[in-house]
Amino acid sequence: MSQYVIPPAAPTSVPVQGSDQLFPVRRVYCVGRNYEDHAKEMGFTGREAPFFFMKPADAVVPVATGSTGQIPYPTLTSNLHHEIELVVAIGKGGKNIAAADAAAHIWGYGVGLDMTRRDLQNDMKKQGRPWEIGKAFEASAPIAALVPAAQAGDINNADIWLKVNGVERQHSNVQKLIWNIAETIEVISQAWELQAGDLIFTGTPEGVAAVVKGDVLEGGVTGLPALKIELV
């Protein structure tokens with residue numbers, strides 16, 4: 001019988017609200033500049049064709065409902081930004097999924113943060129290089145407990161918000177997504193074959209800004225458990 005030459009890493013998973021079950025994470029897809037006002041604050045306008053980047057599954061930091069997760073302030077940056085996002089959990093895979101059929105592939109939803117080393121990301125943009133060093137580092141994707149789609153309410157019209165140390169920084173509505181959830185699934189599934197266990201971070205609204213050690217970030221989407229973390 002074959003054995004691993006080194007111990008395999010433990011699988012990444014996210015808690016399910018009101019259950020002792022876990023959602024196993026396979027891949028983490030992220031949509032760039034998917035709210036118009038955020039695109040504008042980043043120096044862009046209009047409905048661009050959607051584009052994507054990824055984070056490794058082990059960048060996910062699951063945070064149980066009612067608790068405050070802790071993530072380290074990362075190395076090599078002096079400009080760490082918060083980006084609050086609605087996260088879609090895929091329960092059934094597929095390729096070339098039509099937008100009209102996308103809902104059948106969604107297991108549920110959650111609230112996540114796309115933490116970004118903005119200074120490093122901007123350096124990579126200027127040089128025409130990949131963004132991984134700005135986006136795909138350890139503990140860059142904290143996420144709250146997931147809720148099954150049938151229990152999430154009217155997610156396409158839900159408010160999305162983030163507070164830092166109790167002061168609101170970001171506030172918008174999911175209906176303001178440039179590319180809505182179904183359209184995003186359609187386009188991603190043309191480029192990759194989605195699989196059960198994939199997470200999609202759908203984009204952040206305007207108001208992104210820097211945070212420092214000791215800051216407490218709390219964000220939410222109407223109908224879903226809030227996400228609370230402290231930078232240590």
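Since the model is a prediction, treat every value here as computed from it, not as a measurement.
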K.L.:
Provide the full list of side chain to side chain donor-acceptor pair (under 3.5 Å) pairs with a residue in residues 121-132, sequence neighbours left out, each pair given once.
P.N.:
R118-Q121, Q127-R129
K.L.:
For E218 and K228, indicate whether the former's side chain and the latter's backbone hold a donor-acceptor pair under 3.5 Å.
P.N.:
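Checked: no pair found.
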K.L.:
Could you pull out every donor-acceptor pair under 3.5 Å between side chains of residues 4-22 and any protein atom, sequence neighbours left out?
P.N.:
unit_1	atom_1	unit_2	atom_2	d
Q17	OE1	T65	OG1	2.5
S19	OG	Q21	N	2.9

K.L.:
Which residues, ordered by chain and number, are linked to W161 in its hydrophobic cluster, where ILVMFWY side chains connect at heavy-atom gaps below 4.5 Å, directly or through other members?
P.N.:
none
K.L.:
Is there a donor-acceptor pair under 3.5 Å between the side chain of D215 and the backbone N or O of V212?
P.N.:
yes
K.L.:
Does anything in residues 154-164 pair up under salt bridge (charged side-chain N to carboxylate O under 4.0 Å, His left out), and if so which pairs, sequence neighbours excluded?
P.N.:
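Sorted pair list comes back empty.
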K.L.:
Which residues satisfy the ring pair (Phe, Tyr, Trp, His ring centres under 6.0 Å) test with W179, sequence neighbours excluded?
P.N.:
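Here no residue qualifies.
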K.L.:
Sort and list the pairs that fulfil salt bridge (charged side-chain N to carboxylate O under 4.0 Å, His left out) and have at least one residue in residues 8-19, not counting sequence neighbours.
P.N.:
none
K.L.:
Listed by chain and number, what are the side-chain contact (heavy atoms from CB on, under 4.5 Å) partners of N96, not counting sequence neighbours?
P.N.:
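With neighbours one apart ignored, the set is Q190.
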K.L.:
With a 3.5 Å cut-off and sequence neighbours excluded, list the donor-acceptor pairs that the side chains of residues 52-63 form with protein atoms.
P.N.:
unit_1	atom_1	unit_2	atom_2	d
K55	NZ	D114	OD1	2.8
K55	NZ	M115	O	3.4
K55	NZ	K135	O	2.5
K55	NZ	S140	O	3.3
K55	NZ	S140	OG	3.2

K.L.:
Taking the cut-offs as 6.0 angstrom to the six-membered ring centre and 45 degrees off its axis, would you call R33 and F51 a cation-pi pair?
P.N.:
no
K.L.:
With side chains defined as the heavy atoms from C-beta onward, is the minimum distance between F137 and T75 less than 4.5 Å?
P.N.:
no
K.L.:
What pairs of residues pass the salt bridge (charged side-chain N to carboxylate O under 4.0 Å, His left out) test when at least one of them lies in residues 165-184, not counting sequence neighbours?
P.N.:
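Sorted result for residues 165-184: R47-E183.
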K.L.:
Please name all residues satisfying ring pair (Phe, Tyr, Trp, His ring centres under 6.0 Å) with Y73, sequence neighbours left out, ordered by chain then number.
P.N.:
none
K.L.:
Report the distance from atom CG of N157 to atom CD of Q175, rounding to the nearest 0.5 Å.
P.N.:
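These two atoms lie 5.0 Å from each other.
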K.L.:
For the pair I229 and V216, evaluate side chain to side chain contact (heavy atoms under 4.5 Å, CB included) and give the outcome as yes or no after the intermediate values.
P.N.:
CA-CA 6 Å; I229 63 161; V216 175; over 6 Å; no
K.L.:
Just grab all the salt bridge (charged side-chain N to carboxylate O under 4.0 Å, His left out) pairs involving residues 186-208, residues at least two apart or on different chains.
P.N.:
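Only R26-D198 qualify under salt bridge (charged side-chain N to carboxylate O under 4.0 Å, His left out).
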K.L.:
Can you list the residues that meet the ring pair (Phe, Tyr, Trp, His ring centres under 6.0 Å) rule with F23, with sequence neighbours excluded?
P.N.:
W107
